[in-house]
Amino acid sequence: MTGVVLQLDAVGKSYRTGTLRVDALRGIDLGIGVGEYVAIMGPSGSGKSTLMHILGCLDTPTSGTYRLVGVDVGELTEDELAEVRNRLVGFVFQQFNLLAHLTALRNVELPLAYAGVPGDERRRRALAALDRVGLSDRVGHRPRELSGGQQQRVAIARALVTDPALILADEPTGNLDSRSTRDVLALFDELHDQGRTLVLITHEEEVAARAQRVLRIHDGGLRVPAQAVRR
Amino acid sequence: MNWLDTLRTGWEAVRTHRLRSLLTVVGILIGIASVILTIGFGQGAQAEVRAQIGALGSNLLIVTPGSSTDAAGLRGGSGSATTLTLDDADVLASAEVAPDVAGVAPVSGGPQSLSAGDVNWTATVNGTTPSWVEVRNRSLGSGRFLTDQDLENEAAVMVLGPDTAGELFGLRDPVGQTVMAGGAAFTVVGVLDSVGSSSSADEDDLALVPATTASSRLAAGSASVSTIYVEAASAGRLSAAYQEVDAALATAHGLTAADEADYTISTQESLVETATETDRTLTILLAGIAGISLVVGGIGVMNIMLVSVTERIREIGLRKALGATPAVIRRQFLLEASVLGLAGGLLGAGLGILGAELLPRLIDQPVEVSVPATVGAIAMALGIGVGFGVYPAGRAARLAPIDALRSE
């Protein structure tokens, strides 16, 4: 490990529904290094989605500290959080979350547009990212004209295009058939080989098996294996 | 994200939800078009009134009899008296008494049944003098007008308005034909050109005979007149002419105090003012109603934008996850609302101008499109889009990205 991408110290997250307090996460200590490929597993309701949202700065912890590339996320304003999400995190969702009325190219360009990258450079980088996921011939297609696997690859291109420190994938194969699942996982393997830091949330053992390290979460707490599992 | 990107995003969203956007735009469009049309109607009516009063003859004074008091002390309304006579008209025509008066045309008469062969028609038959045609700013379509000789000889001659001529003779040339009126036979010597109808009287449906003939044959010897039209030598001499007419009539009627006046002198200006004032009140009223429809359209925009925010919670969440700041989201929704407002404004202005072009052909009512009103209405539509877009845009911006992404 050459460096630390993210570091969680005693991170907790609790919600209040009326008088009832729900602890979704409690006392999570976790460090992920540059270039690691980590899978987070757990049954539904275990808090894995909450953890992923905190890792992606979509949500902030109610206790403990979370540092992403050395920055204490808890101290940031909403605008700064938006910038962190834009520059440091690439999201891949189960539902793909592509904008239906935009072409693949425009979907991939979107984070660059929010980053203020000028038009021609935006286009060049988006085309490169689409090429990277093997969709050079589909740049002008809208999501409904693409298969599920292709849509997820567009979403991966969108996550890659800003060259983020961390790629977060939430059940990325949950809506895919087995062939598309294989394609997407092969793509993740390649990204990992190129030194990308990947965090994948899943409940499928065979998906998690591709990762370097598997974290299991249960009732809001991590059950960390003693040693990182090497492939 | 720069403004151009935001504009593009807004436009794409508007285009994606075509039907919804269209309905919103239609709401604004109707409001804007009705504002432009109502103001156009008002202005058109004002211009028409001004034109009609101008067509009465330039620099005109109109003298009408005052109220009457009968032997029992019963007072009639204004105009009921028979105090104006042909002699008064002669006095006013004198260059010594009234040097600023260019022409005098007494008019007396009323509706009469006219017949030509077996066709009959009821029209206003007025006795007047040859100066009428000049004072009233009219011209002859065919034949000649009444002459001094006709007046002197009490000639049984008649000049017809174009509509009257059409009713009695159809397409035939009326000049030289005979028309029966009040049991007497008149020879038609001329037909007037058309000036169109005014709101108060049909200026094209009338017949004119010499004042002397009217008094002897139609009004049984009465020398009273209902109106004396007085033309001032120029617009600048109108008030001088007014003073002279007032003084001459007071002398002729042996009056000593101003409140004894048994006649009324009105000027075109006072007529124009009254008519314009009425039209302005009406225009403000109509514009107010149209303004309410604009507000309704604005609430429509707000409603649609709120629905749009709710429906697109996932999209908003995704945009936030990809790095959109609240300000960018707010701007996007505000811009969408403005695009809708502006589109409604421009289309509404187009429809209003088109309506102003087409409506006068259907309903014979002039519509004058006012440029400031049109520009103002478009600006107002844009303002409505922005104003009513603020609240939905704020709601969209405040959504937490995680809640937004979670919603199904």
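Order of the sequence lines fixes the chain letters, A, B, ..., with proteins taken first and strands second; residue numbering starts at 1 for each chain.
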message: Evaluate A/R158 against B/L318 for side-chain contact (heavy atoms from CB on, under 4.5 Å), listing each step before the verdict.
response: CA-CA 12 Å; A/R158 184 180 60 192; B/L318 174 74; 3.5 Å; yes

message: Does atom CD (B/E357) have a neighbourhood of more than 12 heavy atoms from anything else shown, all under 6.0 Å?
response: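 No - once you tally the heavy atoms of other residues, nucleotides and ligands closer than 6.0 Å, there are 12 at most.
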
field: Atom CZ of A/R123 with >12 non-hydrogen neighbours under 6.0 angstrom
entry: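 No, because the 6.0 Å sphere around CZ of A/R123 holds 12 heavy atoms or fewer from other groups.
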
- prompt: Are any non-hydrogen side-chain atoms of A/R85 and B/P401 less than 4.5 angstrom apart?
  reply: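 Counting from C-beta outward, A/R85 and B/P401 do come under 4.5 Å.
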
- prompt: Going by heavy atoms in the side chains, are B/R319 and A/L99 under 4.5 Å from each other?
  reply: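 Touching, per the 4.5 Å side-chain cut-off.
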
Write down the atom of [X], the atom of [Y], and the distance for their closest heavy-atom approach.
X      : Y      : value
B/A324 : A/A82  : O-CB, 3.8 Å
A/Y114 : B/V328 : CE2-CG1, 3.4 Å
A/L110 : B/L322 : CD2-CD1, 3.9 Å

query: Are B/K320 and A/E78 within salt-bridge range, i.e. N to O under 4.0 Å?
result: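 Yes, B/K320 and A/E78 are salt-bridged.
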
Region of A/R106 that comes under 4.5 Å of a non-hydrogen atom in chain B: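 Contact with chain B: side chain only.
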
field: Interchain contact, A/L102 with chain B, by part (heavy-atom threshold 4.5 Å)
entry: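 The side chain, not the backbone.
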
Option that, when pairs with chain A are counted at under 4.5 Å, heavy atom only, ranks first among B/E315, B/R15, B/R312, B/E12: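 Most heavy-atom pairs under 4.5 Å with chain A: B/E12.
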
Greatest number of heavy atom pairs closer than 4.5 Å to chain A - which of B/P326, B/A400, B/A327, B/G323: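 The residue among B/P326, B/A400, B/A327, B/G323 with the greatest pair count is B/G323.
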
- request: Decide side-chain contact (heavy atoms from CB on, under 4.5 Å) for B/D5 and A/R122; before the verdict, give the C-alpha distance in whole Å, the side-chain angles of both, and the deciding distance to 0.1 Å.
  value: CA-CA 12 Å; B/D5 286 324; A/R122 207 189 285 173; 2.7 Å; yes

